[in-house]
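These numbers were taken from a predicted model, which means no experiment stands behind them. Quick note: numbers below take in every heavy atom, side chains included, and nothing from hydrogens, waters or symmetry partners. Each chain gets a letter, A, B and so on, in the order the sequences are listed, and its residues count up from 1.
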Amino acid sequence: MKLATWNVNSLKVRLPHVIDWLAQHQPEILCVQETKLTDENFPVTELAAAGYQAIFTGQKTYNGVAILSKYPGIETVTAIPGLVDEQKRVVAATYGDVRVISVYVPNGEAVGSEKYQYKLAWLPALVHWLKQELERYPKLAVMGDFNIAPEDRDVHDPVLWQGSVLCSQPERDVFADLLNIGLSDSFRLFTQPEKSYTWWDYRMMAFRLNRGLRIDHILLSEQLARSCLSCQIDKAPRKLERPSDHAPVMAELNVIT
DNA sequence: ATGGTAGAGGATCTA
């Protein structure tokens, strides 16, 4: 079973890239973030023609998440239970006995800003919910744009970024909480190339210079982590014309669906 | 020179 996640930065603009990528890699599941589409505008027909169904929750202009899959999902949830939040940032569904969550963590803008406060309030609600999900679903995969670079090796220039948003200690502490409740960073289950990143700013030739951060993650429960065979970042779509600023991350699991 | 680019929407906001 192949699982993947990709912040597409507008599914409307990126739909051709997404459909090509699905055809090439044939994942059972692709979590997407930043669809920037209301639900009535979601490209259900085009994805169905590509062999994928979708569960989604979106809004105009900002945010929006989805799970694309080859098989139908059940037990759909489109918000963190108990959290009052206008922004569409999570969607969950169950495929066989695998629970999948697509998540778009707030960016946080800058340390000390209102958006940073929102991020630091939002994240504990996510952790609390995931703890409950882990109790209910032993096979849990949480995938998406976490907007957190967990360690200095996930940052092209740790000195430049030290203490900045995406790298600050309070954010990294929450990421550690995610690991402490029983999730594994699937990318770090394996030996990886140095300077592996998933996001590069559009500006300043950041991609060409590989000035990136690893902020998109596939987190797996213990049961799924045990069956994980590989996890890799696919930089190829970032090299296309009009790319997303994020690259997809894909994991292969020894699980039959 | 606190810059630069992309998306949405139609002036800025967000990233």
Review item, side-chain donor-acceptor pairs of residues 48-60 of chain A, under 3.5 Å, at least two apart:
unit_1: A:Y52; atom_1: OH; unit_2: A:P27; atom_2: O; d: 2.6
unit_1: A:Q59; atom_1: OE1; unit_2: A:N63; atom_2: ND2; d: 3.4
unit_1: A:Q59; atom_1: OE1; unit_2: A:K88; atom_2: N; d: 2.7

Side-chain donor-acceptor contacts of residues 229-236 of chain A below 3.5 Å, not counting sequence neighbours, with atom names and distances?
unit_1: A:D234; atom_1: OD1; unit_2: A:A236; atom_2: N; d: 3.1
unit_1: A:D234; atom_1: OD2; unit_2: A:W21; atom_2: NE1; d: 2.8
unit_1: A:D234; atom_1: OD2; unit_2: A:H25; atom_2: NE2; d: 3.2

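The side chain to side chain contact (heavy atoms under 4.5 Å, CB included) test applied to A:L179 returns A:F175, A:D185, not counting sequence neighbours. Residues passing the side chain to side chain donor-acceptor pair (under 3.5 Å) test with A:N147, sequence neighbours excluded: none.
Taking atom P on both nucleotides, B:dT12 is separated from B:dA1 by 26 Å, rounded to a whole Å. B:dT5 and B:dA11 have their P atoms separated by 22 Å, with the value rounded to a whole Å. To the nearest whole angstrom, the two C1' atoms, one in B:dT14 and one in B:dG9, are 13 Å apart.
Taking atom CG on A:N41 and atom C1' on B:dA8, their separation rounds to 12 Å, with Å as the unit.
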Under 3.5 Å, N/O pairs linking protein and nucleotides 11-15 of chain B:
unit_1: B:dC13; atom_1: O2; unit_2: A:Y62; atom_2: OH; d: 3.3
unit_1: B:dT14; atom_1: OP2; unit_2: A:K115; atom_2: NZ; d: 3.0

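Within 6.0 Å of the CD atom in A:Q117, the count of heavy atoms belonging to other residues, nucleotides or ligands exceeds 12.
Remark: A:R242 is in phosphate contact with B:dG7, judged by side-chain N or O atoms under 4.0 Å from OP1 or OP2.
Residue pairs satisfying the ring-ring contact (aromatic ring centres under 6.0 Å, His included) criterion with at least one member in residues 76-101 of chain A, sequence neighbours excluded, are absent.
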